[in-house]
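Below, all heavy atoms of this structure are taken into account, side chains as well, without hydrogens, waters or symmetry copies. Throughout, residue positions are numbered sequentially from 1 according to the sequence presented.
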Amino acid sequence: MDKIFLDELKIDTIIGIWDWERKIRQTVIIDLEMSADIARAAATDSVEDTLNYKSVAKRVQQFVGDSSFQLVETLAERIAGIIRDEFGVAWVKVRVHKPGAIRGSKDVGIEIERGS
């Protein structure tokens with residue numbers, strides 16, 4: 001399986017369970033791995049024959065920026081659904097980082113895989 005990846009997409013959003021978190025925008029960092037058969041794109045050298053990671057990035061930025069979830073688990077699940085449903089991706093790995101969420105920890109987050 002070929003994979004297209006996108007690392008460290010930083011997006012400000014409303015995320016968290018505490019009252020103060022519901023009032024401010026926090027930065028989350030999104031990492032994506034997506035299955036793609038890139039053989040045709042490699043042969044034609046045409047972006048129309050591949051999964052356009054710029055289009056994926058813009059859609060994820062728009063969705064996350066406009067969203068307001070309590071849990072990173074919900075955010076990750078919704079991102080995976082968008083990528084699978086809107087971009088026809090059979091398998092996706094979504095990693096959502098919420099840096100600074102735990103005092104003394106550099107990073108915390110969740111990683112999910114959906115599809116086959």
Checklist line | Taking every non-hydrogen atom, the tightest pair across S35 and A90 | finding: OG-N, 3.6 Å
Item checked: E86 (side chain) donor-acceptor with I82 (main chain) under 3.5 angstrom -> no
Next item on the list: Looking only at non-hydrogen atoms, find the nearest pair between R22 and S68 and report the distance.
Entry: NH2-OG, 2.7 Å
Next item on the list: Check whether more than 12 heavy atoms from other residues, nucleotides or ligands sit under 6.0 Å from atom CG of D45, and answer yes or no.
Entry: no
With a 3.5 Å cut-off and sequence neighbours excluded, list the donor-acceptor pairs that the side chains of residues 70-77 form with protein atoms.
residue: E77; atom: OE1; partner: R114; partner atom: NE; Å: 3.2
residue: E77; atom: OE1; partner: R114; partner atom: NH2; Å: 2.7
residue: E77; atom: OE2; partner: R114; partner atom: NE; Å: 3.1

Check: Within a reach of under 6.0 Å around CZ of R59, are more than 12 heavy atoms found that belong to other residues, nucleotides or ligands?
Finding: yes
Next item on the list: Kindly indicate whether the side chain of K58, heavy atoms from C-beta on, has any atom under 4.5 Å from the side chain of Q62.
Entry: no
Checklist line | same_hphob_cluster(M34, I110) at 4.5 Å side-chain heavy-atom cutoff | finding: yes
Note to self: I'd like to know if the side chain of T13 reaches the main chain of S67, judged simply by a donor and an acceptor atom lying under 3.5 Å from each other, with no hydrogens or angles considered.
What the structure shows: yes
Item checked: Residue pairs fulfilling salt bridge (charged side-chain N to carboxylate O under 4.0 Å, His left out) with at least one residue in residues 34-44, sequence neighbours excluded -> R40-D49
Notebook entry, point to check: Of all residues at least two apart in sequence or in a different chain, which pass the side chain to side chain contact (heavy atoms under 4.5 Å, CB included) check with K23?
Noted result: none
Checklist line | Hphob cluster co-occupancy, I112 + I29, side-chain heavy atoms under 4.5 angstrom | finding: no
Note to self: I want to check something: taking the side chain as every heavy atom from C-beta on, are V56 and L51 in contact at a cut-off of under 4.5 Å?
What the structure shows: yes
Margin query: Are the side chains of R78 and F63 in contact, using a 4.5 Å heavy-atom criterion?
Written below: yes
Item checked: Results of side chain to side chain contact (heavy atoms under 4.5 Å, CB included) for E48 - residues two or more places apart only -> S46
Atom pairs and distances, side-chain donor-acceptor, residues 100-107, under 3.5 Å, sequence neighbours left out:
residue: S105; atom: OG; partner: D107; partner atom: N; Å: 3.4
residue: S105; atom: OG; partner: D107; partner atom: O; Å: 2.8
residue: D107; atom: OD2; partner: H97; partner atom: ND1; Å: 2.5

Notebook entry, point to check: Using links of under 4.5 Å between side-chain heavy atoms of ILVMFWY residues, direct or through other members, which residues join W91 in one cluster?
Noted result: M1
Check: Can you find a pair of side-chain heavy atoms, one from R25 and one from I14, that are under 4.5 Å apart?
Finding: yes
Notebook entry, point to check: Mind checking whether D31 and E33 have side chains closer than 4.5 Å, heavy atoms only?
Noted result: no
Next item on the list: Looking only at non-hydrogen atoms, find the nearest pair between I11 and G65 and report the distance.
Entry: CG2-N, 3.7 Å
Item checked: Within 6.0 Å of OH in Y53, more than 12 heavy atoms from elsewhere -> no
Check: What is the minimum heavy-atom distance between L9 and A57, and which atoms define it?
Finding: CD2-O, 4.0 Å
Check: Which pair of non-hydrogen atoms, one from A39 and one from D2, has the smallest distance, and what is that distance?
Finding: N-OD2, 4.2 Å
Notebook entry, point to check: Below 4.5 Å, heavy atoms only, C-beta onward: do L32 and I79 meet side chain to side chain?
Noted result: yes
